[in-house]
Chemist: 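Take this structure first; my questions come after.
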Amino acid sequence: MADELKRLILPELYTHFNQPANKERLRMVAWWGHSFEPWLKFEVVFALEPLMQRMTGDPWEYEAWDMEQRRPGLGRVDIVFGGRRPLCVQLKVCAPCWGYKPKFCAGPNSLLEDIENVRAYRREAAACLLFTLEHAGSEMVFEEIGLPPPEGDHKGRIELGESWCDACWWRSERTAKEQPMWARFYYWTNGL
C-alpha cells in the first residue's frame, strides 16, 4: 500500500497545498505558530475528495472512507480509506523551529507512538503522515530526536515564499524577519 500512498495520495496532497490560496493559509499558520493539526485533517479531506470520488473499490471505495474511526490494535485513526484493500492513515504536524519536545515524541497520541503502532499493525495497510513547516536551520532531523528515518524520497516540498516563523519571532525578542518557508510530507508505513 506504500505504492498507493506515493502514487495516489501524496501527489494529490502536494497539488492541493501548492495552490496559491493554500500556500497563503500555510504562511499564516507558520506566522500564527499554534497547533494546526485539526485544520490539516479537514484540509486533507478536501484535497483527497476528488481522488476518492473516482474510486470504485480498487484500492479504495469512495462510500467506505471515514474520519476518526477506531481500529483494534491501532486506536483512533484519522482517515480510513475503506474498500478492497483498506488503508489507515494517522496525521501529525510539526513546526520544527518550535523544538521537538520529548512530550511530542513519547506518550499518548505522540508521533513516535503512532509510528510504532503503524509499523506493528498487521490487519490492514497503515501509514503515518507527518506534515511539517520548515525553513533554513529548522529542518526535521529524525535520528537526532530519536525517531526512525521516514520512508521514501522527501526532497519534494511546497515552497511557501516569505513568511514569519512565530518561534523565531518569540526567540529573537520580536526582531526576526520574514524568511523563505516550505512545507513537506514525511511518512512511515507497515509495508502491507
Chemist: Can you list every salt bridge (charged side-chain N to carboxylate O under 4.0 Å, His left out) pair that touches residues 115-129, not counting sequence neighbours?
Modeler: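 Applying salt bridge (charged side-chain N to carboxylate O under 4.0 Å, His left out) to every pair that reaches into residues 115-129, excluding sequence neighbours, yields Arg71-Glu124.
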Chemist: Give the minimum heavy-atom separation between Ala64 and Gly83, together with the two atoms involved.
Modeler: CB-N, 4.1 Å
Chemist: Start with the C-alpha distance between Ser163 and Gln179, add both sets of side-chain angles, then the distance that settles side-chain hydrogen bond (donor to acceptor under 3.5 Å, both in side chains), and finish with yes or no.
Modeler: CA-CA 6 Å; Ser163 183; Gln179 58 190 317; over 6 Å; no
Chemist: With ILVMFWY side chains joined below 4.5 Å, transitively, what does Val77's cluster contain besides itself?
Modeler: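 In the cluster with Val77 are Leu74, Val80, Val118, Tyr121.
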Chemist: Parallel, tilted or perpendicular, judged at 30° and 60°: which one describes the rings of Phe17 and Phe131?
Modeler: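 The arrangement is tilted - the two ring planes meet at 30° to 60°.
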Chemist: In terms of relative ring orientation, are Tyr186 and His154 parallel, tilted or perpendicular, with 30° and 60° separating the classes?
Modeler: tilted
Chemist: Heavy-atom distance under 4.5 Å between the side chains of Leu133 and Ser138, does that happen here?
Modeler: no
Chemist: Backbone N or O of Tyr14 within a donor-acceptor pair of the Asn18 side chain at under 3.5 Å?
Modeler: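 Yes, because the side chain of Asn18 sits within donor-acceptor range (under 3.5 Å) of the backbone of Tyr14.
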Chemist: Determine, step by step, whether Leu129 and Leu10 satisfy the side-chain contact (heavy atoms from CB on, under 4.5 Å) criterion, reporting the C-alpha distance in whole Å, the side-chain angles of both residues, the deciding distance to 0.1 Å, and the verdict.
Modeler: CA-CA 10 Å; Leu129 278 180; Leu10 288 174; 4.0 Å; yes
Chemist: Parallel, tilted or perpendicular for Phe81 and Trp60, by the 30°/60° rule?
Modeler: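 If you compare the ring of Phe81 with that of Trp60, the planes turn out tilted.
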Chemist: Let me check something: do Tyr62 and Val45 share a hydrophobic cluster, defined by ILVMFWY side-chain heavy atoms less than 4.5 Å apart, either directly or through other members?
Modeler: yes
Chemist: For Lys6 and Tyr187, run side-chain contact (heavy atoms from CB on, under 4.5 Å): C-alpha distance rounded to whole Å, both residues' side-chain angles, the deciding distance at 0.1 Å, then the answer.
Modeler: CA-CA 10 Å; Lys6 290 186 291 189; Tyr187 67 90; 2.8 Å; yes
Chemist: If you apply the rule side-chain contact (heavy atoms from CB on, under 4.5 Å), what do you find for Leu111 with Cys128, and how did you get there?
Modeler: CA-CA 8 Å; Leu111 175 59; Cys128 181; 3.7 Å; yes
Chemist: Does Arg54 form a salt bridge (Lys or Arg N to Asp or Glu O under 4.0 Å) with Glu12? I'd like the steps, not just the answer.
Modeler: CA-CA 13 Å; Arg54 298 189 302 269; Glu12 289 286 327; 3.5 Å; yes
Chemist: Using a strict cut-off of less than 4.0 Å between a Lys/Arg side-chain nitrogen and an Asp/Glu carboxylate oxygen, indicate whether Glu134 and Arg157 qualify as a salt bridge.
Modeler: no
Chemist: Strictly distance-based, threshold 3.5 Å: is any side-chain N or O of Trp188 a donor or acceptor partner for the main-chain N or O of Pro149?
Modeler: yes
Chemist: Just wondering, do Pro38 and Lys41 contact through their side chains at under 4.5 Å, heavy atoms?
Modeler: no
Chemist: Given the rule in the side-chain contact (heavy atoms from CB on, under 4.5 Å) test, do Phe42 and Val44 qualify, once you have shown the distances and angles that lead to the verdict?
Modeler: CA-CA 5 Å; Phe42 286 99; Val44 164; over 6 Å; no
Chemist: Look at Lys23 together with Glu162 and state whether they make a salt bridge at an N to O cut-off of under 4.0 Å.
Modeler: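 So Lys23 does not pair with Glu162 through a salt bridge.
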Chemist: If you group Ile, Leu, Val, Met, Phe, Trp and Tyr by side-chain heavy-atom gaps below 4.5 Å, do Met67 and Val89 land in one group?
Modeler: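 Yes, it is one cluster - the side chains of Met67 and Val89 are joined through contacts under 4.5 Å.
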Chemist: Do Lys92 and Asp78 sit within salt-bridge range, that is, some charged N less than 4.0 Å from a carboxylate O?
Modeler: no
Chemist: Provide the closest heavy-atom pair for Gly161 versus Arg27 in the form atom of the first, atom of the second, distance.
Modeler: N-NH1, 4.4 Å
Chemist: Backbone N or O of Ala126 within a donor-acceptor pair of the Asn190 side chain at under 3.5 Å?
Modeler: yes
